[in-house]
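Following: one structure in structure tokens, then a few remarks.
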Amino acid sequence: LNSPAFERMIAGQNPQARAGMPGEAAKVIGVVTADVANPFFSEMTQAIEAEARRSGHAVLIASTGESAERERTYLALMRERGVDGLIVATSDPRSLDTLLAFRAAGVPSVLVDRTLPGGAFDSVELDNHAAGVAAVELAIAMGHRRIGMIGGTAPLSDRRLRGYADALASAGIAFDPSLVADGRLTIDGGADAARLLLSSAEPPTAIVAGSNVMMIGLMNCIVRMGLACPREISVVSIDDVPWAESFTPRLTAVAQPVREMGRRAVQMLLERMVPGDDRPAVHRLFQPQLRMRDSVAPPPR
Amino acid sequence: MTTIKDVAKLAGVSISTVSVALNGAANVSPELMERINAAVAQLDYTPSATARSLKRGVTKLIGLLVADITNPFYSEMMEVIEAEAQRGGYSLILANSAQDVDKERTYLRLMQSHRVDGLIVSVSARSSRETLVDFQRTKIPTVLVDRTFPGLTFDSVLLDNQAAGMAAVDLAIGMGHRRIGIIGGPSGISSSEERLRGYRDALAAAGIPFDPALVAPGDFTIDGGYEAARLLLTLPRPPTAMFSANNSMAIGMMRCVAEMGLRCPDDISVLSIDDFPWAEAFTPRLTTVAQPLREMGRRVVRLLIDRIEGRGEPGVAQHIFQPQLRQRDSVAPPRS
């Protein structure tokens with residue numbers, strides 16, 4: 001099946017194979033993302049595509065659905081099909097070895113949204129700790145003292161959670177583990193976590209959703225329980241959504257500069273693709289942006 | 001069971017070196033390769049199915065080319081397609097044309113040069129037709145989803161778009177509306193043309209004259225929906241109900257309604273073709289004419305795999321799915 005010409009093309013050694021492609025992608029960037037149905041990743045992928053095209057490169061995308069096994073499959077596939085560089089939102093720390101091997105073979109990677117242990121690769125990330133702090137500080141400023149948090153399981157959620165805890169501590173509010181629930185990074189998980197928090201003996205008056213997907217579950221739960229947001233329960237979402245200003249309540253969010261992050265990831269990857277590049281890894285931390293809208297109000301008296 | 005770890009240990013190399021060597025994906029020295037092969041033989045190590053097919057270079061691969069990755073319709077359907085492809089033993093690779101015909105052409109060729117076994121395509125625009133006519137010559141099994149053109153030999157999986165347009169308008173008429181606006185998609189694309197035809201047919205069936213001023217073109221994007229809604233709502237005689245021909249435009253339409261300080265459904269009734277995963281999480285809960293995208297996504301993959309594996313029916317298959325009305329809160333009788 002594999003002709004020598006195809007093998008060379010896979011190895012990126014056959015300029016004719018590329019020159020033979022009218023429309024002309026000079027290089028192919030592989031994007032391996034955790035969940036393309038998540039608006040955060042689909043917007044970032046759109047930005048990556050646009051930026052890559054500006055310099056004449058093409059983008060192929062795989063979505064792993066947060067599965068470590070599929071991440072392995074797709075990383076291997078991207079390599080097999082001869083991509084020139086990778087942008088990866090990883091769900092699996094074991095991908096480190098794979099990406100190191102790719103790099104040794106001349107295929108660099110930039111990590112987005114999530115990093116791998118050791119800091120060996122360039123990364124583009126939100127300051128997740130600052131995002132957790134910003135969400136909680138807003139709730140505290142509005143007068144809330146009982147603030148819940150729906151977290152996920154990935155390291156990024158840990159940092160958002162730590163930001164949550166640190167902001168409470170700075171305000172002299174004791175950390176109460178019963179106010180933290182795991183939303184499993186899914187809509188249903190977010191709803192389950194919200195129900196747990198809101199049906200407790202002493203429910204929170206404000207809840208921070210650790211991601212946009214879990215926020216949807218939280219809002220679903222609030223509607224089903226017949227609660228009014230923000231009059232009876234305030235909500236802050238980490239991650240903004242495209243429809244935040246289209247419906248009621250307009251969602252108060254700690255936004256990631258998604259498009260800027262996507263653009264930057266491409267620029268960093270292209271710099272890595274320059275032959276002979278051996279600069280130390282660069283870690284870019286982006287600051288969250290508070291978007292004050294209507295879903296946070298003072299707590300009910 | 002022997003694992004790759006055991007092989008690495010016996011050969012005295014790292015796991016990633018073994019993995020790379022077995023995947024045949026990089027330059028491993030002959031001496032190292034021999035050591036790894038000896039370890040594999042001694043331990044009778046069998047790599048996973050994926051790894052095996054990679055070694056042979058025959059990973060089965062389906063390519064998916066969508067018109068707009070930020071549209072929840074495509075991103076959700078992609079999840080379904082990916083899962084179904086995996087079930088059939090295929091991996092899925094995705095490209096986003098962002099409604100750009102030039103990108104579409106580039107990506108079709110790229111998919112071809114990356115040796116996909118089959119392709120699923122949602123076209124960008126009217127001029128996509130020529131690209132697809134060219135592409136037919138590659139003989140790569142291809143199924144079109146959501147949008148099609150007459151005269152192509154590809155199978156397709158589509159919504160009954162005309163029925164969707166009619167269902168939206170019928171609902172508004174049933175609530176007593178007579179002045180109904182439509183935020184339409186780009187012209188020349190089957191889905192937007194047929195949804196508009198459904199709109200006109202439903203009006204005609206109810207004896208309501210067609211008023212071209214009530215047709216506002218969007219371009220299937222959020223901003224396009226916003227602009228089109230503003231056009232309709234600032235008419236001397238604005239509509240009392242309006243519907244958006246897709247979900248992205250509905251987000252823009254609702255932003256415009258909110259910004260103009262109108263209350264929905266008290267001041268204006270709205271509905272949308274395409275549902276949202278969060279449709280019930282905010283107010284108003286949007287009434288929609290949904291596509292059965294799970295069934296559609298699964299059908300696309302099955303049709304394609306049948307074609308790839310030589311089990312397809314002779315002739316061109318066209319599978320048309322009926323829309324599903326999801327009545328929620330955004331449509332009410334007009335104010336008298």
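Residue numbering restarts at 1 for every chain, and letters A, B, ... go by the order of the sequence lines.
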With a 3.5 Å cut-off and sequence neighbours excluded, list the donor-acceptor pairs that the side chains of residues 207-214 of chain A form with protein atoms.
residue, atom, partner, partner atom, Å
A:Ser211, OG, A:Met214, N, 3.3
A:Asn212, ND2, A:Asn38, OD1, 3.2

- Considering non-hydrogen atoms only, spot the tightest contact between B:Met78 and A:Val36 and give its length. SD-CG1, 2.9 Å

- Task: Check for a donor-acceptor pair, side chain of A:Arg81 on one end and backbone N or O of B:Arg115 on the other, with a separation under 3.5 Å.
- Result: yes

- Which value, rounded to the nearest 0.5 Å, describes the distance between B:His114 atom NE2 and A:Leu77 atom CG? 10.0 Å

- More than 12 heavy atoms of other groups within 6.0 Å of A:Glu260 CD: yes

- Task: Would you mind listing every salt bridge (charged side-chain N to carboxylate O under 4.0 Å, His left out) that reaches into residues 94-106 of chain A, with sequence neighbours excluded?
- Result: A:Asp92-A:Arg94

- Message: For residues 248-278 of chain B, which residue pairs pass the ring-ring contact (aromatic ring centres under 6.0 Å, His included) check, not counting sequence neighbours?
- Response: A:Trp243-B:Trp278, A:Phe247-B:Trp278, B:Phe276-B:Trp278

- Should the heavy atoms of other residues, nucleotides or ligands under 6.0 Å from CE of B:Met260 be counted, would the total exceed 12? yes

- Just how far is it from atom CD of B:Glu259 to atom CD of A:Glu245, taken to the nearest 0.5 Å? 7.0 Å

- Considering all heavy atoms of both residues, which atom of A:Pro242 and which atom of B:Ile222 are nearest to each other, and what is their separation? CB-CD1, 3.7 Å

- Query: Any residues in residues 59-68 of chain A near chain B, with a heavy-atom distance under 4.5 Å, and which are they?
  - Reply: A:Val59, A:Leu60, A:Ile61, A:Ala62, A:Ser63

- Query: Can a donor-acceptor pair be found between the side chains of A:Gln46 and B:Asn96 at a distance below 3.5 Å?
  - Reply: yes

- Query: Side chain, backbone, both or neither: which part of B:Tyr107 has a non-hydrogen atom closer than 4.5 Å to chain A?
  - Reply: side chain

- In terms of heavy-atom contacts, A:Glu43 and B:Thr70 come closest through CA-CG2, 4.1 Å

- Task: Taking all heavy atoms of A:Ile187 and all of B:Pro277, pick out the closest pair and write down the distance.
- Result: CD1-CB, 4.0 Å

- Could you tell me which of A:Val223, A:Val107, A:Asn220, A:Ile222 has the largest number of non-hydrogen atom pairs under 4.5 Å with chain B? A:Asn220

- Task: Measure A:Arg224 against the heavy atoms of chain B and call it side chain, backbone, both or neither at under 4.5 Å.
- Result: neither

- Message: Once rounded to the nearest 0.5 Å, what's the spacing between atom OG of A:Ser246 and atom CZ of B:Phe282?
- Response: 10.0 Å

- Note on the structure: If one checks every heavy atom of A:Pro39 against chain B at 4.5 Å, the contacting part turns out to be neither

- Of the backbone (N, CA, C, O) and the side chain (C-beta and beyond), which part of A:Tyr74 lies under 4.5 Å from a heavy atom of chain B, both, or neither? side chain

- Which atoms of B:Ala281 approach chain A - backbone, side chain, both or neither, heavy atom under 4.5 Å: both

- Message: How long is the straight-line distance from OG1 of A:Thr248 back to CE of B:Met254, given to the nearest 0.5 Å?
- Response: 7.5 Å

- Top residue by heavy-atom pair count (under 4.5 Å) with chain A, among B:Gln86, B:Met253, B:Glu82, B:Glu79? B:Glu82

- Message: If I take atom CD from residue A:Glu49 and atom CG from residue B:Asp100, how far apart are they, to the nearest 0.5 angstrom?
- Response: 8.5 Å

